[in-house]
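One-based numbering, in listed order, for ligands and for the atoms of each.
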Amino acid sequence: MSALVDGFGRTIRYLRLSVTDRCDFRCVYCMAEQMTFLPRARVLTLEEMASLCRAFVELGVEKIRLTGGEPLVRRGLASLVEEVGALEGLRDFAMTTNGAGLGKQAAALRAGGLTRLNISLDTLDPARFRALTRTGDLARVLDGIRAARDAGFSRIKLNAVILKGRNDDEILDLVEFARHEQVDISFIEEMPLGQAIGHDRAETFCSSDEVRATIESRHPLVPTTESTLGPSRYFRMADSDSRVGFISPHSHNFCDACNRVRVTAEGRLLLCLGNEHSLDLRGLMRRHPGDLERLKAAIVDAMASKPERHHFSTDGEVQVVRFMNMTGG
Ligand code: SAM
Ligand code: SF4
């Protein structure tokens with residue numbers, strides 16, 4: 001039983017923890033080209049992150065996802081994974097990554113107890129990949145996907161953000177790639193987080209319904225009731241094991257079933273992606289080092305201020321001036 005129930009009766013079972021705000025990429029929808037990252041002293045230490053995970057699992061959280069920034073650029077990640085992977089009660093331990101570092105790290109992470117990976121991949125064209133990520137090398141990410149499979153990760157999922165005029169002509173190619181590699185794929189609607197970064201979001205926005213219609217022109221999609229405790233809605237194709245998911249914060253509001261909270265790399269507990277309500281857990285942990293019970297009590301108290309829903313719009317208006325790398329996608 002989870003001890004974490006919010007004011008609307010929703011039980012929190014899922015924690016997304018950003019292990020760093022840094023990244024080796026600068027994806028156009030996520031970061032500015034020139035970024036100022038947090039000074040190290042403001043970022044949680046690996047020990048603090050491990051304590052946080054322990055507190056949440058003892059409170060009934062069953063699923064933890066490490067994200068960022070790019071988790072693979074955080075030094076010592078493997079030791080954190082080992083510690084969290086050993087927590088009793090944790091059923092699902094996942095990470096979202098750009099995949100570039102998986103060639104080197106996949107085996108150690110799998111051995112440490114990480115069970116699932118989401119790997120971001122928006123295009124299969126090397127030049128486009130470079131343009132969308134500003135610094136990324138597609139070949140390394142493709143190697144990373146295969147290294148993850150070789151390391152024993154099953155049900156790897158690709159995440160693709162589709163932007164009109166940039167990669168919406170690759171929807172079917174990405175689905176074919178997922179089928180060929182025997183991985184799942186989720187399509188994400190762009191969210192208005194952070195300031196407009198080099199493109200007008202009202203023009204690039206591509207809804208999940210549009211993406212789905214494109215896929216159905218070749219592969220009829222059958223809805224499934226499968227859930228990974230996340231916001232994806234999943235579909236199957238008749239002739240493949242790969243699942244197709246849609247994450248649609250705009251067109252299909254998923255707040256009613258929200259079962260998750262986030263912790264930023266600075267240790268701010270965010271109760272909702274689209275609102276500014278937060279609690280400074282780092283300050284608490286540094287004032288009372290090692291006091292797990294106090295930490296747990298603060299987390300339980302915070303649940304009362306989880307808002308009912310978020311309010312995103314597609315007209316390019318920014319309501320939350322926080323870059324995605326700060327919150328963990
Ligand atoms: N660096 C890792 C990665 O790219 O997978 C993890 C962090 S990243 C912020 C998590 C996910 O958020 C990625 O799949 C990325 O494509 C997505 N993302 C970033 N900015 C976004 C935005 N404005 N709207 C929708 N998805 C976004
Ligand atoms: Fe880095 Fe991920 Fe943001 Fe791209 S989406 S800039 S890989 S954190």
Side-chain angles (χ1 to χ4, degrees), residues 16-35 37-38 65-74 77 94-102 105 116-123 129-138 140-141 144-145 148 156-164 166-167 174 184-202 204-208 211 230-232 245-251 254 260 262-265 270 273-274 310 312-314 316-329:
R16 298 173 77 112
L17 172 64
S18 174
V19 297
T20 177
D21 63 325
R22 291 166 197 255
C23 186
D24 44 351
F25 289 6
R26 297 284 184 278
C27 301
V28 292
Y29 46 72
C30 178
M31 290 196 188
E33 198 151 11
Q34 302 297 329
M35 291 288 291
F37 293 110
L38 292 167
R65 173 175 299 283
L66 304 182
T67 178
E70 174 47 45
L72 296 177
V73 305
R74 173 82 201 228
L77 179 73
M95 185 171 83
T96 305
T97 171
N98 66 27
L102 282 176
Q105 299 187 53
R116 289 197 311 116
L117 279 175
N118 287 1
I119 305 174
S120 299
L121 181 69
D122 303 330
T123 170
F129 189 84
R130 172 57 64 108
L132 275 169
T133 60
R134 295 203 186 95
T135 61
D137 175 2
L138 176 65
R140 270 187 68 186
V141 173
I145 294 170
I156 293 169
K157 188 173 72 136
L158 305 178
N159 276 340
V161 177
I162 299 298
L163 305 179
K164 260 200 192 129
R166 301 217 52 165
N167 65 344
L174 286 164
D184 295 337
I185 184 162
S186 273
F187 292 94
I188 310 178
E189 286 177 352
E190 187 184 20
M191 286 183 265
L193 292 172
Q195 273 124 354
I197 314 164
H199 64 276
D200 179 346
R201 287 194 158 121
T204 53
F205 181 74
C206 187
S207 76
S208 290
V211 175
S232 271
F246 297 96
I247 303 176
S248 329
H250 292 287
S251 48
F254 47 60
R260 59 200 163 278
R262 294 174 159 76
V263 175
T264 69
L270 299 178
L273 182 58
H310 66 234
F312 288 147
S313 65
T314 53
E317 188 194 333
V318 179
Q319 289 131 323
V320 182
V321 185
R322 207 199 295 125
F323 282 107
M324 194 70 166
N325 68 308
M326 298 293 296
T327 59

Any nitrogen or oxygen of [X] lying under 3.5 Å from a nitrogen or oxygen in ligand 1? Just yes or no.
{"X": "E70", "value": "yes"}
{"X": "T67", "value": "no"}
{"X": "G69", "value": "yes"}
{"X": "D122", "value": "no"}
{"X": "M191", "value": "yes"}

Show your reasoning for whether side chain to side chain contact (heavy atoms under 4.5 Å, CB included) applies to I188 and Y29. CA-CA 12 Å; I188 310 178; Y29 46 72; over 6 Å; no
Taking it one step at a time, do V28 and R166 satisfy side chain to side chain contact (heavy atoms under 4.5 Å, CB included)? CA-CA 11 Å; V28 292; R166 301 217 52 165; 4.1 Å; yes
Closest non-hydrogen atom pair between [X] and [Y], with its separation:
{"X": "G99", "Y": "I119", "result": "CA-CG2, 3.9 Å"}
{"X": "E70", "Y": "N98", "result": "OE1-N, 2.6 Å"}
{"X": "T20", "Y": "V73", "result": "CG2-CG2, 4.1 Å"}
{"X": "S186", "Y": "K157", "result": "OG-NZ, 3.1 Å"}

Between S207 and E189: side-chain donor-acceptor atoms closer than 3.5 Å: no
Are side-chain N/O atoms of T96 and R65 paired as donor and acceptor at under 3.5 Å? yes
Please could you name the atoms of ligand 1 that [X] approaches to less than 4.0 Å, counting only its heavy atoms?
{"X": "S120", "value": "3 (C), 4 (O), 5 (O), 13 (C), 14 (O)"}
{"X": "N98", "value": "2 (C), 3 (C), 5 (O)"}
{"X": "G68", "value": "7 (C), 9 (C)"}
{"X": "T96", "value": "2 (C), 5 (O), 6 (C), 10 (C)"}
{"X": "N159", "value": "14 (O)"}
{"X": "V161", "value": "16 (O), 26 (N)"}

Element-labelled atoms of ligand 2 that are located less than 4.0 Å from some non-hydrogen atom of F25: 6 (S), 7 (S)
Considering the heavy atoms of N98, write down every atom of ligand 2 situated less than 4.0 Å from one of them.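 Reading through ligand 2 atom by atom, the close ones are 7 (S).
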Can you tell me if, anywhere in C27, an N/O/S atom lies at a distance from atom 4 (Fe) of ligand 2 that is smaller than 2.8 Å?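 Yes.
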Location of contacts on N118 toward ligand 1, heavy atoms closer than 4.0 Å: neither
R140 atom CZ, over 12 foreign heavy atoms within 6.0 Å: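 Incorrect, the count does not exceed 12.
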Test L158 against I145 for side chain to side chain contact (heavy atoms under 4.5 Å, CB included), laying out the working first. CA-CA 9 Å; L158 305 178; I145 294 170; 3.8 Å; yes
So, 4.0 Å and heavy atoms of G68: is ligand 2 close enough to count as a contact?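 It does not; every heavy atom stays at 4.0 Å or beyond.
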